[in-house]
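All values derive from a computational prediction rather than experimental measurement.
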Amino acid sequence: MQDKLSVGPSWNEIINTEQNKPYFKNLCNFLDEEEKSGYAIFPSKFCQMAAFNLTPFDKVKVVLIGQDPYHNSGQANGLCFSVNNGIPIPPSLKNIFKELENDLQIASGLNGDLSKWAAQGVLLLNTVLTVRANIPASHQNKGWERFTDTIIQTLNEQKSGLVFLLWGNNAKRKKRLISAQNHLIIEAPHPSPLSAYKGFFGSQPFSKSNAYLKHKGLGIIDWALKG
């Protein structure tokens, strides 16, 4: 069985509790079998908890929820929608950047690494944290959804004044876990080219998030990316 995935200390109690439960052990066994069968898994196990390592629990301001990681080689880095600097920007991220420019007049440049957002308190969380190479949604219904449910429930219960950005149907299913009285929920279609024109464009998630954070007396997010 694969080793437990390490996270920063602020998430340790929450995530260690989950990793000791039978469902998570079954998930780890599934991932082991995938590897033994010769399938590549993205992102690598060293990056699967990147969102938690880069965004400590006490620093979370915005929770951006996507679907599952990029399934092409070299893309997934453990942060939803993000790729490392120097990797060609995938279509969904291109559309996110188009909306960012339309919303806040911020040009994104050629850098698809969203770790700057993560460092400011944007938890970049997919509903499913792994995928088999070249097969989207291949690791759905293996246990990751229960894990990310717990993460979202815990944030909902233990914090207030968060912004939840739910992009796509998989993300929108998490709405049932979030109190609209205590947090701001912004829903939109997935930024994929297949759905971005159905309401993602024009949803203004970046300006709405900052307006809410400012209203709550919290620091806004600098959404600009350089490079």
Side-chain angles (χ1 to χ4, degrees), residues 11 14-15 17-18 21 23-24 27 48-52 55 57-70 78-82 92-93 95-96 99-100 103 114 117-118 120-131 136-137 139-216 218 220-221 223:
W11 290 100
I14 302 165
I15 291 179
T17 297
E18 293 306 297
K21 292 180 179 178
Y23 87 89
F24 201 95
L27 170 61
Q48 289 167 16
M49 294 288 159
F52 306 104
T55 310
F57 182 87
D58 60 325
K59 301 296 184 184
V60 176
K61 297 179 181 179
V62 177
V63 185
L64 197 170
I65 304 176
Q67 184 172 305
D68 61 347
Y70 295 122
L79 305 177
C80 72
F81 298 108
S82 176
S92 291
L93 187 53
N95 285 338
I96 292 169
E99 178 61 19
L100 176 61
D103 188 9
L114 305 183
W117 295 357
Q120 297 178 78
V122 182
L123 183 67
L124 296 162
L125 183 68
N126 279 311
T127 60
V128 172
L129 301 190
T130 58
V131 68
H139 286 183
Q140 287 184 356
N141 302 315
K142 302 298 182 183
W144 281 126
E145 292 90 346
R146 179 172 171 181
F147 174 77
T148 53
D149 276 0
T150 298
I151 296 299
I152 292 165
Q153 284 177 311
T154 304
L155 288 166
N156 174 66
E157 293 168 2
Q158 296 188 15
K159 297 178 76 74
S160 62
L162 297 180
V163 178
F164 287 87
L165 301 177
L166 311 183
W167 292 352
N169 290 333
N170 286 24
K172 290 178 182 179
R173 293 188 188 105
K174 303 291 192 183
K175 183 179 179 179
R176 72 191 191 283
L177 308 171
I178 306 164
S179 168
Q181 292 182 328
N182 297 327
H183 308 283
L184 175 64
I185 303 171
I186 302 175
E187 299 179 76
H190 195 277
S192 160
L194 298 174
S195 55
Y197 287 94
K198 298 177 181 178
F200 177 76
F201 290 136
S203 60
Q204 300 180 313
F206 308 103
S207 61
K208 289 177 180 177
S209 295
N210 277 352
Y212 181 79
L213 293 172
K214 185 176 181 179
H215 175 72
K216 291 292 184 179
L218 303 171
I220 64 173
I221 305 297
W223 298 103

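Of the possible polar contacts, none joining the W223 side chain to the S207 backbone as a donor-acceptor pair under 3.5 Å is found. Between the side chain of D103 and the backbone N or O of F206, at least one donor-acceptor pair lies under 3.5 Å. Within the 3.5 Å criterion, the main-chain N or O of L177 finds a donor-acceptor partner in the side chain of N156. A donor-acceptor pair is defined here as one N or O able to donate and one able to accept, closer than 3.5 Å; such a pair exists between the side chain of T148 and the backbone of E145. Here the side chain of N95 pairs a donor or acceptor atom with the backbone of P191 at under 3.5 angstrom. Not a single donor-acceptor pair under 3.5 Å links the side chain of E187 to the backbone N or O of W167. Judged by distance alone, with hydrogens and angles left aside, the side-chain atoms of Q67 form no donor-acceptor pair with the main-chain N or O of N126 at under 3.5 Å. Between the S82 side chain and the G78 main chain, no donor and acceptor come within less than 3.5 Å of each other. Under the 3.5 Å distance criterion, the side-chain polar atoms of K174 are left unmatched by any main-chain donor or acceptor of T127.
A heavy-atom distance below 4.5 Å is not found between the side chains of C80 and L125. Put simply, the side chain of F147 does not reach to within 4.5 Å of the side chain of L27, judged on heavy atoms. Side-chain atoms of I151 and I15, non-hydrogen and from C-beta on, do get closer than 4.5 Å to each other. Between N170 and Q140, the closest side-chain pair of non-hydrogen atoms falls below 4.5 Å. You'll find the side chain of L93 reaches within 4.5 Å of the side chain of L114, heavy atoms only. Looking only at side-chain heavy atoms (C-beta outward), T55 and V122 stay at 4.5 Å or farther from each other. You'll find the side chain of I65 reaches within 4.5 Å of the side chain of I152, heavy atoms only.
Between G66 and A171, the shortest heavy-atom distance links the atoms O-CB, 4.1 Å. Of all the heavy atoms in P205 and L165, the pair that sits closest is CB-CD2, 4.0 Å. Here the closest non-hydrogen pair linking F200 and A188 is CD1-CB, 4.1 Å.
Here the OG atom belonging to S192 is positioned 11.5 Å from the OH atom belonging to Y197, to the nearest 0.5 angstrom. Summarising the geometry, atom CD1 belonging to I220 is positioned 8.5 Å from atom NZ belonging to K61; distances are rounded to the nearest 0.5 Å. To the nearest 0.5 Å, atoms CD1 (I186) and CZ (F164) are separated by 11.5 Å. Note that CG of N182 and CD of E157 are 10.5 Å apart. Values are rounded to the nearest 0.5 Å. For the atom pair OG (S160) and CG (L155), the distance works out to 11.5 Å, reported to the nearest 0.5 Å. To the nearest 0.5 angstrom, L64 atom CG is 7.0 Å from W117 atom CH2.
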Evaluate the side-chain contact (heavy atoms from CB on, under 4.5 Å) criterion for residues I221 and S209: first the C-alpha distance (whole Å), next the side-chain angles of each, then the deciding distance (0.1 Å), finally the verdict. CA-CA 8 Å; I221 305 297; S209 295; over 6 Å; no

What's the verdict on salt bridge (charged side-chain N to carboxylate O under 4.0 Å, His left out) for D149 and R176, showing C-alpha distance, side-chain angles and the deciding distance? CA-CA 10 Å; D149 276 0; R176 72 191 191 283; 2.9 Å; yes

Test side chain to side chain donor-acceptor pair (under 3.5 Å) on T130 and H139; report intermediate values, then the result. CA-CA 6 Å; T130 58; H139 286 183; 2.7 Å; yes

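In this structure, H183 has its ring center no closer than 6.0 Å to that of Y212. Within the 6.0 Å centre-distance limit, the rings of W144 and F24 are counted as a close aromatic pair.
Within a 6.0 Å sphere centred on NZ of K214, other residues, nucleotides and ligands contribute 12 heavy atoms or fewer.
The aromatic rings of F81 and H190 are tilted relative to each other, their planes meeting at an angle between 30° and 60°.
In this structure, K159 satisfies the cation-pi test against F57, with its NZ or CZ atom closer than 6.0 Å to the six-membered ring centre and inside 45 degrees of the ring normal.
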